[in-house]
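Have a look at the structure below before the remarks.
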Amino acid sequence: MHPPQTTSHDVLIAGAGPVGLFLACELRLAGCSVLVLEQAQEPHHPLKALPFGLRGLSVPTIESLDRRDLLHPIVERAVTRDSPASHWMQQARRPAGHFAGIQFFQDQIDSTQWQHRLQVPVSNVATDMASIEAVLEARAGELGVEILRGYGVEGLEQSETGVTVTAGGQEFRGQWLVGCDGGRSRVRKLAGFGFTGTAPEFTGYSVQVRLAEPAMLKPGRHYTATGMYTYAPPGTIGMVDFDGGAFHRTGPITREHVEAVLRKISGSEVRVTELELATTWTDRAYQATEYLKGRVLLAGDAAHIHSPLGGQGLNLGLGDAMNLGWKLAATVRGDAPDGLLESYERERHPEGVRILDWSRAQVALMRPSPSSRALAAIIRDLLQTRDGATYFAGRVWGVECRYDLGDSHPMVGRSAPDFELADGTRLNQHLKTGHGVMLDFDNRESLRSLAIRWEGHLHYIASDAKDRLGLSALLIRPDGIIAWVSDQECPETDPADSACKWFGKRRVASP
């Protein structure tokens with residue numbers, strides 16, 4: 001795409017990966033002008049396709065995509081039992097996830113323990129990065145997002161009113177800049193964000209090879225005295241070598257090197273005849289000390305990096321985008337209440353801390369030591385219990401995610417259930433425009449009048465539900481998070497106070 005005639009936009013986004021694209025869609029949905037600058041010339045890369053591009057979507061991600069009418073096209077591209085990349089789905093029991101490679105299963109999980117959720121089956125969606133990016137880029141194009149490929153960020157300057165970015169030898173100006181440009185984020189470095197954490201313990205390898213004798217390796221995941229490897233015949237291999245991350249990006253990945261590491265980890269004299277595709281990664285776990293600095297923000301891997309164990313990085317980044325989009329858009333419009341944009345860091349930084357610690361805990365179980373093997377055996381026993389599997393599912397699936405919004409009600413700060421309404425619609429259908437929702441099960445005139453104050457930013461829905469979970473009304477933010485509830489047991493707080501907190505002060509509309 002050629003550079004646009006005007007180089008001034010409301011928001012500049014560095015990075016056209018899933019996080020940058022999803023954020024761009026959110027901003028355009030709210031009416032902001034957006035320019036995405038991407039370093040790579042082409043969106044296609046073999047590591048984004050199966051098998052190495054495989055990603056599992058968490059419950060919050062599935063809900064966010066559903067609320068923006070993006071879930072169906074992604075599900076159409078989902079991995080099925082017939083796919084060679086879905087070898088884990090061939091088991092007699094339906095897998096629900098894993099912790100450091102220790103699986104737990106759907107039939108072990110007691111979803112009735114999650115009293116804040118409707119008792120409906122939790123859908124697991126697995127697809128590849130290429131498909132996710134294709135769906136998000138198509139939506140971005142429909143919304144009018146401008147994307148420039150081959151324009152990596154080279155420099156930036158901030159002022160009180162905006163940011164000037166140099167990319168591809170040209171200057172682009174925006175009121176705000178969001179770095180979604182990955183773990184080696186140029187935006188993060190140029191803007192001077194702190195980035196702290198823990199050093200790597202291992203080099204991880206994802207390789208596609210040809211083996212002289214494929215039967216020498218046993219399929220599945222194996223912990224050994226020197227590390228860990230997984231093998232999916234005929235030649236897809238993942239390995240973890242506890243070398244302190246010494247080989248990651250320090251030299252070319254050759255056939256000879258892969259063979260040597262595979263022999264070391266597997267303990268067999270397996271011979272690699274051809275190296276078709278290879279990449280390395282580590283368990284380095286770092287996080288930005290802040291997510292907002294002047295008029296520059298960070299999201300996705302630019303804000304936090306960790307090992308890909310459990311596949312939570314993509315979900316964490318998409319959660320950043322969903323949380324940030326409507327808040328930044330309100331700031332651009334000039335109608336954001338005080339502290340709204342700052343709440344992005346306040347809500348998402350703790351989520352990053354939680355995921356990084358979850359990743360570190362898995363590394364502790366994977367170390368090739370007797371103490372780690374003993375601890376892994378205890379965790380394996382725990383995962384065989386109903387309470388243990390339910391706890392781990394709640395963490396891995398993201399259903400226990402809750403923001404601290406200063407309200408003690410157990411529903412406030414959680415993702416709103418997708419209520420099946422009496423009018424035949426679902427709640428998520430009413431969130432696809434990016435507005436907030438006042439859901440009133442009892443059709444109270446006071447709540448209808450209150451919602452009118454925020455007309456254009458807040459939909460009012462008066463409808464009963466098949467299962468209302470004991471609630472009588474909810475105020476739901478544009479990202480689907482519950483900001484206020486009314487029920488029979490809790491003293492009712494003023495919904496107007498919560499509406500002002502998230503949508504700003506509004507005058508009562510004229511009759």
Side-chain angles (χ1 to χ4, degrees), residues 47 52 98-102 181-186 188-189 193-209 217 220-231 236-270 272 275 277-289 300-314 316-317 352-379:
L47 291 174
F52 300 128
H98 72 86
F99 184 77
I102 305 172
D181 50 342
R184 291 178 287 177
S185 171
R186 185 74 174 148
R188 185 185 67 231
K189 296 171 183 176
F193 284 85
F195 201 53
T196 61
T198 51
E201 295 189 40
F202 64 67
T203 298
Y205 296 80
S206 297
V207 299
Q208 190 75 39
V209 299
L217 294 180
R221 185 184 301 262
H222 308 280
Y223 294 93
T224 71
T226 52
M228 183 275 291
Y229 76 94
T230 61
Y231 174 50
T236 301
I237 299 172
M239 301 183 291
V240 167
D241 182 12
F242 279 82
D243 62 353
F247 189 76
H248 181 56
R249 292 176 179 156
T250 59
I253 309 173
T254 64
R255 182 197 63 78
E256 292 81 5
H257 178 78
V258 168
E259 181 179 88
V261 174
L262 181 56
R263 289 184 173 190
K264 170 187 173 183
I265 301 301
S266 69
S268 68
E269 292 301 308
V270 62
V272 176
L275 181 63
L277 186 64
T279 187
T280 60
W281 41 278
T282 74
D283 60 312
R284 182 175 181 242
Y286 269 59
Q287 186 176 20
T289 54
D301 289 352
H304 38 70
I305 59 171
H306 56 89
S307 80
L309 299 172
Q312 304 219 22
L314 171 66
L316 183 60
V353 170
R354 187 178 67 88
I355 295 298
L356 263 66
D357 280 346
W358 190 254
S359 175
R360 293 182 181 110
Q362 293 182 78
V363 174
L365 287 188
M366 294 169 58
R367 293 178 187 134
S369 68
S371 58
S372 291
R373 296 285 72 76
L375 183 58
I378 293 172
I379 296 297

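- With sequence neighbours excluded, the residues that form a side chain to side chain contact (heavy atoms under 4.5 Å, CB included) with Asp243 are Thr203, Asp241, Ala246, Phe247.
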Criterion side chain to side chain contact (heavy atoms under 4.5 Å, CB included) on Val261 and Tyr205, from CA distance to verdict: CA-CA 9 Å; Val261 174; Tyr205 296 80; 3.9 Å; yes
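- Annotation for Val240 and Trp281: closest pair CG2-CH2, 4.0 Å, computed over non-hydrogen atoms.
- Between Leu277 atom CG and Leu47 atom CG the span is 5.0 Å, to the nearest 0.5 Å.
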Derivation of the side chain to side chain contact (heavy atoms under 4.5 Å, CB included) call for Val258 and Met239: CA-CA 9 Å; Val258 168; Met239 301 183 291; 4.3 Å; yes
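- The structure places CD1 of Ile305 at 12.5 Å from CG of Leu316, a figure rounded to the nearest 0.5 Å.
- Here the closest non-hydrogen pair linking Thr224 and Ile265 is OG1-O, 2.8 Å.
- Atom CZ in Phe202 sits 4.0 Å away from atom CG in Asp283 (nearest 0.5 Å).
- A distance-only check finds a donor-acceptor pair linking the side chain of Arg373 to the backbone of Leu365 [under 3.5 Å].
- Residues Glu259 and Val270 fail the side-chain proximity criterion, which asks for heavy atoms closer than 4.5 Å.
- In this structure, the side chains of His248 and Arg284 stay at 4.5 Å or more apart for every pair of heavy atoms.
- Rounding to the nearest 0.5 angstrom, the gap separating the OG atom in Ser372 from the CD1 atom in Ile379 is 11.0 Å.
- Nearest heavy atoms, Arg255 versus Leu275: N-CD2, 3.8 Å.
- In plain terms, the two heavy atoms of Val272 and Leu262 that are nearest each other are CG2-CD2, 4.2 Å.
- Among all heavy-atom pairs drawn from Met366 and Met228, the shortest one is CE-CE, 3.6 Å.
- Between the CZ atom of Phe99 and the CG atom of Leu309 there is a distance of 9.5 Å, given to the nearest 0.5 Å.
- Residues His304 and Ile355 fail the side-chain proximity criterion, which asks for heavy atoms closer than 4.5 Å.
- Annotation: side chain of His306 is not in contact with side chain of Gln362 (no heavy-atom distance under 4.5 Å).
- Using a 30° and 60° split on the angle between ring planes, His222 and Tyr229 fall in the tilted class, from 30° to 60°.
- The two residues Ala376 and Ile102 make their nearest non-hydrogen contact at O-CD1, 3.6 Å.
- Looking at Arg188, its side chain does come within 3.5 Å of a backbone N or O of Gly183 through a donor-acceptor pair.
- Looking at Thr226 and Pro368, their side chains never come closer than 4.5 Å, going by heavy atoms from C-beta outward.
- Enclosure of atom CZ in Arg184 is not indicated, since only 12 or fewer non-hydrogen atoms of other residues, nucleotides or ligands lie within 6.0 angstrom.
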